[in-house]
Amino acid sequence: MTALGFLYPGHSAEDDYPRIEQLLASDIRLPLVHTDIGEDAHREDALREMGSPERLAAGVEELRLSGAEAVVWACTSGSFVYGWEGAQEQVRTLARTAGMPASSTSFAFAHAVRELGARRVAVAATYPEDVAELFAAFLKDAGVDVVSIRSSGIITAAEVGTWGVDEVLALARAGDHPEAELVLLPDTALHTASHLQALESALSKPVLTANQVTVWEALRLADRRVNVPQLGTLFTKEPIVQV
């Protein structure tokens with residue numbers, strides 16, 4: 001049994017994680033601990049507070065008791081808002097506090113883009129424009145060419161969590177770009193686990209979404225390899241190693 005831990009801010013699309021665990025159909029468990037979101041606002045100061053060391057540390061002991069072998073801060077905006085160096089310090093601090101390998105959704109996106117051998121991406125974000133631009137800057141620091149940015153201007157994770165498949169597909173289509181090899185949907189408050197094949201079919205290219213890459217990153221940290229086409233192209237890059 002492999003347990004992979006997640007610190008998830010508040011309550012929006014956390015049900016993506018049991019859905020993904022079900023699709024993995026393996027001996028992999030995905031225990032999730034909710035962190036205090038503070039003010040629910042896609043605004044730089046609120047996002048920095050949400051991703052503070054104190055808020056993340058509060059959930060670590062529960063993950064330890066779950067037997068987690070690695071932990072991922074399951075929040076994109078609450079990590080990239082610190083910039084490349086600040087986000088690295090955030091996960092280093094988390095790793096020291098938890099006593100296990102750690103990462104965040106922002107680094108998960110950077111690593112997943114590299115895994116798929118892509119360089120040019122389009123960003124389809126739920127965030128306000130200024131926050132979406134911060135994500136693009138983070139990706140550029142990772143060596144990724146962001147060819148377009150689509151911003152939906154949504155302020156709260158609570159609103160994002162109400163979106164269904166129609167809104168998710170519309171966002172992805174609006175954010176796509178002819179030069180983009182991949183389309184990225186960066187908000188972990190967005191339900192996407194059940195829509196990945198529909199997204200890739202609609203766009204005829206790989207799509208990376210926040211909760212998808214977060215789980216993939218945890219698997220990478222634990223050196224686990226799975227092949228699950230229902231979770232998109234990213235999960236077909238590994239050999240079939242199911243239990």
Side-chain angles (χ1 to χ4, degrees), residues 1-38 47 49-82 86-112 115 157 161 186-193 196 208-226 228 231-232 234-235 238 241-243:
M1 180 71 69
T2 299
L4 305 171
F6 303 91
L7 296 173
Y8 186 92
H11 298 265
S12 293
E14 68 271 20
D15 48 331
D16 266 7
Y17 291 82
R19 173 61 176 155
I20 293 173
E21 181 175 301
Q22 181 183 47
L23 290 171
L24 291 176
S26 183
D27 65 337
I28 298 167
R29 293 189 301 110
L30 307 179
L32 180 147
V33 172
H34 296 277
T35 64
D36 182 7
I37 197 171
L47 294 169
E49 176 58 27
M50 183 172 64
S52 66
E54 296 77 18
R55 289 184 187 271
L56 299 191
V60 162
E61 184 59 28
E62 187 175 343
L63 281 183
R64 281 205 202 97
L65 292 174
S66 76
E69 299 176 21
V71 56
V72 182
W73 167 223
C75 183
T76 327
S77 56
S79 46
F80 69 68
V81 74
Y82 288 91
Q88 287 184 321
E89 180 57 31
Q90 182 186 56
V91 296
R92 282 195 294 265
T93 301
L94 178 57
R96 288 195 297 268
T97 303
M100 65 184 80
S103 189
S104 69
T105 305
S106 292
F107 287 113
F109 273 109
H111 296 152
E115 174 73 8
D187 198 340
T188 57
L190 191 66
H191 288 92
T192 60
L196 287 158
L208 298 177
T209 70
N211 292 322
Q212 170 211 37
V213 301
T214 299
V215 172
W216 178 85
E217 179 77 346
L219 289 164
R220 188 188 68 82
L221 290 176
D223 198 27
R224 288 297 304 263
R225 302 290 185 265
V226 295
V228 187
L231 291 174
L234 179 64
F235 276 79
E238 307 293 356
V241 183
Q242 299 288 43
V243 174

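Values below: all heavy atoms of this structure, side chains included; hydrogens, waters and symmetry mates excluded.
Taken to the nearest 0.5 Å, the OG atom of Ser66 stands 10.0 Å off from the CG atom of Leu32. With values rounded to the nearest 0.5 angstrom, Glu62 atom CD is found 9.5 Å from Leu7 atom CG. Rounded to the nearest 0.5 Å, atoms CG (Leu30) and CZ (Arg19) are 13.0 Å apart. Atom OG of Ser52 sits about 5.5 Å away from atom OH of Tyr82, to the nearest 0.5 Å. Distance check: Phe80 CZ to Gln90 CD gives 11.5 Å after rounding to the nearest 0.5 Å. To the nearest 0.5 Å, atom CE of residue Met100 and atom CG of residue Leu94 are 8.5 Å apart.
Looking at Glu89 and Thr93, their side chains do bring a donor and an acceptor atom within 3.5 Å of each other.
Distance alone, capped at 3.5 Å, places no donor-acceptor pair between the Arg29 side chain and the Gly67 backbone. Looking at Arg224, its side chain never comes within 3.5 Å of a backbone N or O of Leu219 through a donor-acceptor pair. Side-chain N or O atoms of Ser12 include none that pairs as donor or acceptor with a backbone N or O of Ala189 at under 3.5 Å. In this structure, His34 contributes its side chain and Gly10 its backbone to a donor-acceptor pair below 3.5 Å. Judged purely by atom type and a 3.5 angstrom limit, Gln212 has no side-chain atom pairing as donor or acceptor with the backbone of Phe235. His191 places no side-chain N or O within 3.5 Å of a backbone atom of Asp16 that could act as its donor or acceptor partner. For Trp216 (side chain) and His111 (main-chain N/O), no donor-acceptor pair under 3.5 Å exists by modelled atom type. Remark: the backbone N or O of Ser106 is not paired with any side-chain donor or acceptor of Thr76 at under 3.5 angstrom. Side-chain N or O atoms of Thr188 include one that pairs as donor or acceptor with a backbone N or O of Ala74 at under 3.5 Å.
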Quick one, Phe107 with Gln88, criterion side chain to side chain contact (heavy atoms under 4.5 Å, CB included). Give me CA distance, side-chain angles, the key distance, then yes/no. CA-CA 9 Å; Phe107 287 113; Gln88 287 184 321; 3.4 Å; yes
Stepwise side chain to side chain contact (heavy atoms under 4.5 Å, CB included) test for Val215 and Leu4: CA-CA 8 Å; Val215 172; Leu4 305 171; 5.6 Å; no
Kindly determine whether Thr97 and Leu56 satisfy side chain to side chain contact (heavy atoms under 4.5 Å, CB included), including the steps that lead there. CA-CA 9 Å; Thr97 303; Leu56 299 191; over 6 Å; no
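Across every non-hydrogen atom of Ala98 and Val60, the tightest pair is CA-CG1, 3.5 Å. Contact between Ile37 and Met50 at its shortest, heavy atoms only, is CG1-SD, 3.3 Å. In terms of heavy-atom proximity, Ala13 sits nearest to Asn211 at O-ND2, 3.8 Å. Taking every heavy atom of both residues into account, Leu208 and Ala112 meet most closely at CD1-CB, 3.9 Å. In terms of heavy-atom proximity, Ile28 sits nearest to Met1 at N-SD, 4.4 Å. Taking all atoms of both residues into account, the shortest heavy-atom contact from Leu196 to Gly232 is CB-N, 4.2 Å.
Between Leu231 and Val226 there is no side-chain heavy-atom pair separated by less than 4.5 Å. Between Thr209 and Leu190 the shortest side-chain heavy-atom distance does not fall below 4.5 Å. With a 4.5 Å cut-off on side-chain heavy atoms, Pro9 and Trp73 count as touching.
Classified by interplanar angle (parallel below 30°, tilted 30° to 60°, perpendicular above 60°), the ring pair Tyr17/Tyr8 is perpendicular.
Heavy atoms of other residues, nucleotides or ligands lying less than 6.0 angstrom from CD of Glu69 number more than 12.
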